[in-house]
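What follows is a set of notes on a single structure, which appears directly below.
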Number of protein chains: 2
Amino acid sequence: MTLKIAHLGPTGTYAEAAAIAYTKIKTSGADFQLQPYANIAQTLQAVAEQEVELAIVPVENSIEGSVTMTLDTIWQLAAPIHIQQALILPISHALISVATDLSQIELVYSHPQALSQCQEWLQQHLPQAARISSNSTTAALTTLSTLPHAAAISSVRAANLYDLPTLVHPINDYADNQTKFWVISLEPTSIGSCTSVAFSLRSNAPGGLMTALGFFANRGLNLSRIESRPSKRSLGDYLFFIDIETDLDYRELKSALADLDAYAETVKNFGSYETMIINST
Amino acid sequence: MTLKIAHLGPTGTYAEAAAIAYTKIKTSGADFQLQPYANIAQTLQAVAEQEVELAIVPVENSIEGSVTMTLDTIWQLAAPIHIQQALILPISHALISVATDLSQIELVYSHPQALSQCQEWLQQHLPQAARISSNSTTAALTTLSTLPHAAAISSVRAANLYDLPTLVHPINDYADNQTKFWVISLEPTSIGSCTSVAFSLRSNAPGGLMTALGFFANRGLNLSRIESRPSKRSLGDYLFFIDIETDLDYRELKSALADLDAYAETVKNFGSYETMIINST
């Protein structure tokens, strides 16, 4: 049996590195086939529409925070998607270019998250260069060999894959830079030390957020993360993404989620899963 | 007496429009002088270093969410900054270019927030155009008249200021698009219907976030917003920005903040203030 894994492409992205690491962890039984998509939304839609069995998407970086495209798309999908596993990948960015000197570089291409993670380095070493947002860190690499005035921010692994020179490495502003990925499928999951849920509230509920969080706090369930995203209905109206620490008591979790279901406008339970630290080699 | 107001420049930004509206509200006494800065961090540093009395910075958009550069800089500033007022500005983006037809456009410049707020329009109408991140929506307008293959996303007001044609308007993906700005100074503030606080927790505190939020919930104080930002120390270690509804009881607020001060690692109280809806005309 071959399981298809969607990830952000083209080849060489950090998401692909996470997908390769995942296939090495899951050695029993299935074969895997990696399938690149042009952007994060399409990667997630591929699972929702059953073009693939799994998708691996970045959800959060230790320096720049949430990958908002992932959170916003996951909320909007009609299909019930579930998190099978979280993967944490160390990130080490390189400046890739056929230029022989920094002074030749006028354009720097990368994903907005990578541009932000190197913003101080860029400010110091390439203050005049235009920063160009790509759908992925590798999107510009296919044409970079013909662009002596351009550079891209991606991994050394990606530079090697495209046979391009690494001009400077590492260039991330913080040495301790990690990205968390979610492995997503339509399969329900119910056991794991972390449970991720998103919810919206009825807009006229006074004290709504504290009431909703109280369902967990009153049962001794801790939240390791709360992320607000705009509902896009009006300013001050939010969706909330929460991570609940759930290795302790599933009965309490079930009862808290039942209260949340009854109280909130919409609840999406992405399931319970474990987190693993991986490497890109 | 002349009060200097720092804002993101060059002239024509939405922050400048908010600053102009603010000077019209505050008619009593002082004269105002607007002073543009090249990026949001420098705008805030100008207040911290007392180059100016006030700074007006975007903090949150109804579609794309937090302006992370503002939150991250406010946290890092050593000077005790305070919010005097929140201003909510309706946002209506235009595609500005000397091109006569969309098919000529190969590059689109704007601030990353504006590019995101128009991402569906760009995907539909300019799928092949490169998106270039600028420090502000107006940074590219000074050179745009000489670039027939380029466009910028900014306001109609900005197009008029730079004597440039508006090719398409509006182009934001959601018609109801608003940005909240904070008016910031070193003056303490203590009365207003909203109080904004940021805090970090000692990393070994189990259940830390729920304990911290409990100081407010147990006193009947509602939070209208919780935003997590990475502490940049390690993945899963956060700063929390909260907005507390405080028109009701300042005694309860004071006592909750005293508990938070004793419990948290670092607390920054940005003060209490009112929110006003403004217009850019």
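These values consider heavy atoms only, across backbone and side chains, with no hydrogens, waters or symmetry-generated copies.
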Against chain B, label A/T68 side chain, backbone, both or neither, depending on which of its atoms sit under 4.5 Å from a heavy atom there. side chain
So which heavy atom on B/I132 is nearest to which on A/A130, and how close? CG2-CB, 3.9 Å
Region of A/D173 that comes under 4.5 Å of a non-hydrogen atom in chain B: neither
Nearest 0.5 Å please: distance from the OG atom of B/S224 over to the CG atom of A/D237. 11.5 Å
Contact class of A/I88 relative to chain B, heavy atoms under 4.5 angstrom: side chain
Between chain A and each of B/R225, B/K180, B/R233, B/M69, count heavy-atom pairs under 4.5 Å; write down the option with the most. B/R225
Name the region of A/E64, side chain, backbone, both or neither, that has any atom closer than 4.5 Å to a heavy atom of chain B. both
How close do B/S62 and A/P230 get, heavy atom to heavy atom, and via which atoms? O-CB, 3.0 Å
Under 4.5 Å from a heavy atom of chain A, the part of B/R131 involved: both
Calculate, to the nearest 0.5 Å, the distance between atoms CG and OG belonging to A/N177 and B/S234 respectively. 12.0 Å
Under a 4.5 Å heavy-atom cut-off, does chain A meet the side chain of B/Q119, its backbone, both or neither? side chain
At a 4.5 Å cut-off on heavy atoms, which part of B/N61 comes close to chain A: side chain, backbone, both, or neither? backbone
Nearest-0.5 Å distance that lies between atom CD in B/E245 and atom CG in A/L209: 10.0 Å
With only heavy atoms counted, which part of B/S228 is less than 4.5 Å from chain A, the side chain, the backbone, both or neither? both
Give, as side chain, backbone, both or neither, the part of B/N218 having an atom under 4.5 angstrom from any heavy atom of chain A. neither
Rounded distance (nearest 0.5 Å) linking atom CE of B/M210 with atom CG of A/L213: 5.0 Å
Quick check on the interface: out of A/I226, A/D176, A/D243, who has the most heavy-atom pairs with chain B under 4.5 Å? A/I226
